[in-house]
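What follows is a short report on a single structure.
In the text below, chain A, chain B and the rest are named by the order of the sequence lines, each starting its count at 1. As a basis for the values below, the full set of heavy atoms in this structure was taken, side chains included, without hydrogen atoms, waters or symmetry mates.
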Amino acid sequence: MEDKLRNDPHFIRLLAQKIHDLSEGLEKIKIMHVCGTHEHTIVASGLRSLLPKNIFLVSGPGCPVCITPQKDIERMIFLAEHGLTITTFGDMLNIPTTSGSLADAKARGADIRVVYGISNALAIAKKEEKEVVHFGIGFETTVPTSSVALLSEPDNFSILSVHRTIPEALEFLMKNDLKVDGLIDPGHVSSIIGVRPYVPVSKKYKISQVISGFEPGDIMLSVYMLLCQISEQRADVENEYVRAVRENGNKKAKDMINQTFEHVDAAWRALPMIPSSGLAIRKRFEDWDALCRHEDILSDFVYEFKEDSACRCKEILLGVCSSEECPLFRSVCTPDSPIGPCMVSAEGTCNISYIYGQS
Amino acid sequence: MCLAIPGKIIKKHGSKGIVDYDGAQFEVRLDLVNVEVGDYVIVHTGFAIEKLSEEDAKESIDIWRQIGELQNGG
């Protein structure tokens with residue numbers, strides 16, 4: 001594999017030089033990525049320090065843990081407190097809500113278990129006689145793993161789907177006058193959906209996009225490709241991550257998603273409702289949809305929305321505010337006692353900024 | 001969350017396989033891909049989500065070649 005080249009400081013310096021040369025003729029350029037793993041590479045490798053002063057790399061709403069609505073977390077806590085076994089990815093455990101976190105519920109005795117993937121959740125269901133509900137979070141990368149579980153029609157198992165989709169979110173951000181000049185699209189979401197779903201956004205809003213891999217060299221190359229597009233006034237969707245993203249994506253995975261899920265309007269934490277950006281389990285699979293399967297319990301669930309104090313996660317998710325600009329950052333909001341979701345997840349912008357000491 | 005890591009398939013039995021990540025070996029689900037032993041895949045939450053193709057990567061992006069030439073020259 002050629003990862004050595006993509007991590008080679010000499011190669012990255014060459015790219016940085018090409019970026020500097022190109023940027024001389026450009027005004028202030030703002031590039032947004034929408035992926036926590038991209039932010040991690042950017043910050044951990046200090047890539048922002050290699051960019052010219054007029055090129056800004058900002059982080060958008062690309063952490064599924066951060067954008068999962070409080071209501072759904074509270075719903076899972078409610079189910080756990082009614083005796084069901086809950087399985088969840090570890091990052092969700094400490095996300096705060098106004099009625100505490102899943103970890104708090106676990107400390108009170110609820111049966112909440114951390115899993116690495118949905119296969120572990122299915123194995124737990126097989127072993128236990130109790131009902132197991134899996135917290136189905138994640139973007140298109142994770143959705144087909146939920147589809148595989150649904151298609152296996154397991155006993156005593158259901159999913160609460162809070163799956164969200166990226167192209168619809170990008171469309172929403174652009175429609176709402178997001179002031180960016182280029183988008184770095186998430187590589188592993190694109191492994192599933194391919195290149196084409198991004199094209200309408202580029203056409204409609206004249207925005208340049210590059211699908212990027214996750215090595216430092218991938219990101220630098222993607223920035224360079226975007227700057228080439230911008231200086232040539234092109235608004236195309238280009239694929240830098242060719243080794244893992246095909247033009248049409250992964251057909252097998254897409255077919256499974258279509259069989260099991262349908263698009264619905266959906267809330268994103270700290271953002272408004274985004275049309276068609278959620279994936280609900282199709283009626284044919286309602287026996288494995290926690291909302292239907294546990295309707296009796298959930299009919300007593302009451303959710304009361306309360307504003308998240310002075311937390312600026314909303315602006316951080318939209319790339320208009322940095323973690324350092326939030327009054328809570330590093331003072332009262334830390335990874336050990338997070339106030340907002342961006343501080344909890346290892347892919348949250350504030351968590352990454354806190355750990356690596358820059359934003 | 002969309003973190004996925006590359007590995008090589010060293011065993012395959014039905015919809016499951018063993019992937020080697022530079023020495024560490026784990027069972028992964030292969031439901032989402034058409035792959036054979038010896039193929040490289042990227043794995044997300046225990047599922048192989050796509051076959052990796054370094055050949056495609058090398059042949060398809062002109063910019064890589066340009067940078068490569070610069071590097072060789074530099």
Side-chain angles (χ1 to χ4, degrees), chain A residues 1-3 5 8 10-11 14-15 17-18 35-37 40 62-66 89 91 115-120 137-142 144-145 147-148 151-152 186-189 191-192 213-214 217 221 224-225 228 238-246 249-250 252-253 256 345-347, chain B residues 1-9 13-36 38-74:
Chain A
M1 308 307 280
E2 295 292 323
D3 282 346
L5 175 64
D8 179 357
H10 177 63
F11 170 70
L14 280 168
L15 272 172
Q17 188 52 52
K18 285 172 86 74
C35 177
T37 315
H40 187 273
C63 161
V65 174
C66 304
F89 294 109
D91 275 9
V115 291
Y116 169 65
I118 203 163
S119 299
N120 306 128
I137 69 158
F139 298 126
E140 291 93 329
T141 324
T142 322
T145 70
S147 299
V148 170
L151 288 162
S152 73
H188 293 140
V189 163
S191 290
I192 302 296
F214 300 90
L221 182 53
Y224 175 69
M225 289 165 75
C228 287
E238 292 179 318
N239 182 11
E240 183 276 335
Y241 198 29
V242 186
R243 63 191 186 279
V245 176
R246 314 279 119 79
N250 179 335
K252 212 172 170 183
M256 287 190 193
S345 166
E347 298 203 343
Chain B
M1 178 68 210
C2 293
L3 183 71
I5 47 173
K8 186 180 184 179
I9 298 179
H13 42 97
S15 61
K16 290 178 183 170
I18 304 290
V19 166
D20 180 281
Y21 306 99
D22 220 5
Q25 296 174 357
F26 290 94
E27 186 176 270
V28 299
R29 298 283 301 248
L30 302 173
D31 312 68
L32 303 173
V33 286
N34 296 317
V35 287
E36 298 303 328
D39 286 339
Y40 281 88
V41 288
I42 39 171
V43 179
H44 168 72
T45 65
F47 283 77
I49 59 163
E50 186 56 286
K51 196 163 130 177
L52 276 174
S53 166
E54 195 66 23
E55 286 308 306
D56 279 357
K58 276 181 186 158
E59 286 170 15
S60 308
I61 295 192
D62 287 342
I63 193 76
W64 271 103
R65 291 208 198 103
Q66 287 174 29
I67 302 289
E69 280 161 22
L70 252 179
Q71 190 181 35
N72 293 337

Where do B/A4 and B/I49 come nearest, in terms of heavy atoms and distance?
CB-CD1, 4.5 Å
In terms of ring plane angle, is the pair B/Y21 and B/F26 parallel, tilted or perpendicular, where the classes change at 30° and 60°?
tilted
Most contacts with chain A, counted as non-hydrogen pairs under 4.5 angstrom, among B/L32, B/N34, B/V33, B/D31:
B/L32
Closest heavy-atom contact between A/A346 and A/D91?
N-OD2, 3.6 Å
Can you tell which part of B/V41 gets under 4.5 Å to a heavy atom of chain A, answering side chain, backbone, both or neither?
neither
Cut-off 4.5 Å, heavy atoms of chain B, and the answer for A/P144 is both
Aromatic ring centroids of A/F214 and A/H188 under 6.0 Å?
yes
